[in-house]
Amino acid sequence: MAEANRTEPSAAGRPIQDIREWLDRAEGINELIQIDKPVDRDEEMSAITYLVAKQNPSPAILFDNPKGYEDSPIGARMLWNILGPSSKRIALTIEEPPETPTLELIRRLKDKMKDRIPPREVPANEAPVYENTLEGADIDLEQLPIPRHWPLDGGRYAGTADAVFTRDPDSGYLNVGTYRMMLQGKQQVGLYLSPGKDARLHITRYWEKGESVPVAAAWGIDPLFMLVGSQTFPKNVSEYEFAGGIKGEAVPVVRAQTSDLLLPANAELVVEGVIHPNSVKTEGPFGEFPGYYGRPEAGCPLVDITRVHYRSNPVLTNAIMADYPSCEQSGFFAVIRSARIWDDLDKLGIPGVQGVYAHPAGAGGFGMTVISLEQRYAGHAAQCLALAAQVPGGAYFTKWIIAVDEDIDPTDMDQVIWAMSSRCNPIEDIDMLRNTWSTWLDPTQNPPEERPYGSKALINACKEHRYLPVFSKRTTLRREMYDQVAERWKELGLRGTIPSVRAFEEDKRVVYHEQGGFEPGKK
């Protein structure tokens, strides 16, 4: 990209250092559009994003010229549809080849999250984000093209693809979260937090002590922070360590000017602030990830901004929340949330798990989890369902947890629905959990006062374990025939590449069983 303030394309194999290098790589795979014509910050940017996200491929969109901000001294540009429904850009973000298949991407990310690398603190003069600083009366958030996303939003929202930084006042644990922030004035923003989220717990503890809360937020970030900040991790390990493990090297951080918070040194724009005891202001509504407006307006913590740090012509990251596939979080939740749940099951010692998929169409990747497993003992599927519903990575909001056998690809909903239709007996195979952890944003819980309690359906779409030896045998191809067709695919004039197949006929002899089934491998 021919801009003086852009870095050169990253060297092969070098981890992405900032959003500018990420943009170079997205452009390198032809998944970036730059729009230099003026575009309105209010509704027009989000409308373009909503519609482009429904295309395939669905590129990231960089608005270089926000309408009405041509003379802004900050000169911010706006990046939308950052990851969107693109598995290629998600792969780039977690330092994997763009063509990696989805289930393999989930598997690799699961393994990467086992490696934790603490951040590396750098001096202030080496932090690009400290290139420019505003404080006191010079702070004016109206100089930024903070957008209105939807017609009925209660205001304009900054950093909907952001990283928010708080510390536990007792343990000192540093949390990196993603929370919406509504513009409340030239030097104030509101901070919305769902029940049970780490920053909300931190604020509550500070206020119980009668103390103010130091807080910071990065509104232009390496998309990896959006991934890790959106997930629930152990409350004694910072998301910085998981980000480092995924990236394969320590994330550079710099100490904040007004607190002991650590900020991403390569961020595009960071605000520092403070939440005074019981400082609350009305916030919302906002068009949220389920594809509906969230709860009616209500009081939320009010952040007084004390510093604004930014690189010249910063790129601000924006995430539209909508129905699939236009919901920014859907695609990456399908990868990182799946990896988190799979990792949780591994830690619990659940054997035989072949894959996990949080389907992106399920309310921003939250609503549905599918687990593929090889059944090894009585009650194995039921155990896996119950645990997947309540592990830290999967407990929040999820309504549908489905178990399928190992011959089913959990990322292929055609196969999942086939398994539900041919292997699930609803009266026997569906259980319910009540009063589970949910969200104020769930439109099915009415009146809204019933939120944030929810419920979960556990659907066993596996072959019935006690009758595995006599369960009807599915029709599958022989591996030899699949390979033969694959070799002739182009010769026969067939289009594209041959579809992958998960299950094959094992080519064992079968005989009729007296009870009406078939037993493999017996004469």
Side-chain angles (χ1 to χ4, degrees), residues 103 106-107 110 113-114 194-197 231-235 333-359 362-411 413 415-417 419-439 442 444-445 450-468 471:
L103 191 57
I106 294 168
R107 188 190 307 275
K110 172 180 73 80
M113 287 194 297
K114 299 181 190 302
S194 291
K197 295 298 184 178
Q231 300 305 299
T232 301
F233 289 104
K235 298 187 185 305
F333 260 57
V335 175
I336 192 164
R337 198 164 196 257
S338 303
R340 280 285 294 121
I341 296 169
W342 195 348
D343 184 52
D344 284 341
L345 294 173
D346 281 354
K347 289 176 180 175
L348 289 169
I350 304 303
V353 176
Q354 304 299 305
V356 176
Y357 194 54
H359 198 282
F366 269 125
M368 177 182 291
T369 302
V370 184
I371 306 104
S372 172
L373 78 154
E374 176 192 351
Q375 296 186 76
R376 297 185 181 177
Y377 47 84
H380 189 182
Q383 178 191 39
C384 192
L385 282 166
L387 291 173
Q390 296 289 33
V391 292
Y396 180 69
F397 187 81
T398 311
K399 297 182 178 184
W400 307 97
I401 302 93
I402 305 167
V404 295
D405 291 291
E406 75 275 13
D407 63 330
I408 302 299
D409 181 349
T411 69
M413 284 309 294
Q415 292 187 37
V416 173
I417 293 171
M420 291 173 65
S421 302
S422 64
R423 299 178 180 179
C424 175
N425 181 11
I427 198 168
E428 297 285 346
D429 295 327
I430 300 178
D431 292 310
M432 297 289 177
L433 299 179
R434 293 174 173 80
N435 295 316
T436 56
W437 185 23
S438 190
T439 173
D442 182 359
T444 68
Q445 292 288 87
E450 295 185 8
R451 309 171 192 171
Y453 297 95
S455 61
K456 302 181 187 299
L458 312 183
I459 302 175
N460 186 346
C462 294
K463 292 178 282 189
E464 196 170 4
H465 183 268
R466 73 187 72 196
Y467 297 121
L468 279 178
F471 198 92

Only distances under 3.5 Å count here; give the side-chain donor-acceptor pairs of residues 383-391 to other protein atoms, sequence neighbours excluded, each with its distance to 0.1 Å.
residue, atom, partner, partner atom, Å
Gln383, OE1, Tyr377, OH, 2.6

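The CD1 atom of Ile430 lies 7.5 Å from the CH2 atom of Trp400; values are rounded to the nearest 0.5 Å. Here the CG-CG distance, from Asp343 to Leu348, works out to 9.5 Å after rounding to the nearest 0.5 Å. The line from CZ of Arg423 to CD1 of Ile459 is 15.5 Å long, rounded to the nearest 0.5 Å. To the nearest 0.5 Å, the span separating CD1 on Ile350 from CG on Asp344 amounts to 11.0 Å. For the atom pair Gln445 CD and Tyr453 OH, the distance stands at 11.5 Å (nearest 0.5 Å). Atom-to-atom distance recorded for Phe366:CZ and Phe333:CZ is 3.5 Å, nearest 0.5 angstrom.
Among residues two or more places apart in sequence or in another chain, the salt bridge (Lys or Arg N to Asp or Glu O under 4.0 Å) test is passed with Lys110 by Asp346.
Residues Ile106 and Ala334 come closest through the heavy atom pair CD1-O, 3.6 Å. Scanning all heavy atoms of the two residues, the minimum distance from Asp405 to Lys463 falls at OD2-N, 2.7 Å. Taking both residues in full, the closest heavy atoms of Pro410 and Ser372 are given as CD-CB, 3.8 Å, listed atom of the first, atom of the second, then distance. Of all the heavy atoms in Gly355 and Leu103, the pair that sits closest is CA-CD1, 3.9 Å. Minimum heavy-atom separation, Cys462 to Gln375: CB-NE2, 3.3 Å. In terms of heavy-atom proximity, Phe397 sits nearest to Thr439 at CD1-CG2, 3.1 Å.
For the pair Thr232 and Lys197, the minimum side-chain heavy-atom distance is below 4.5 Å. Counting heavy atoms from C-beta outward, Trp342 and Arg340 have side chains that stay 4.5 Å or more apart. Residues His359 and Val370 are not in side-chain contact: their nearest non-hydrogen atoms beyond the backbone lie 4.5 Å or more apart. No side-chain heavy atom of Gln415 sits under 4.5 Å from any side-chain heavy atom of Val404.
Remark: side-chain polar atoms of Ser338 are paired, donor with acceptor, to backbone N or O of Ala358 under 3.5 angstrom. Counting only distance, with no hydrogens or angles, the side chain of Thr398 and the backbone of Met368 share no donor-acceptor pair below 3.5 Å. Although no hydrogens or angles enter the test, the distance criterion places a donor-acceptor pair under 3.5 Å between the side chain of Asp429 and the main chain of Asn425. Of the possible donor and acceptor atoms, none in the side chain of Glu428 sits under 3.5 Å from a partner among the backbone N and O of Pro426. Side-chain atoms of Gln231 do not come within 3.5 Å of backbone N or O of Gly393 as any donor-acceptor pair. For His380 (side chain) and Pro351 (main-chain N/O), a donor-acceptor pair under 3.5 Å exists by modelled atom type.
Annotation for Arg376: atom CZ counts as buried by contact number, over 12 foreign heavy atoms lying within 6.0 Å. Residue-environment remark: CH2 (Trp437) exceeds the threshold of 12 foreign heavy atoms within 6.0 Å.
Of the candidates Thr444, Thr369, Thr436, Lys399 forms a side chain to side chain contact (heavy atoms under 4.5 Å, CB included) with just one, namely Thr444.
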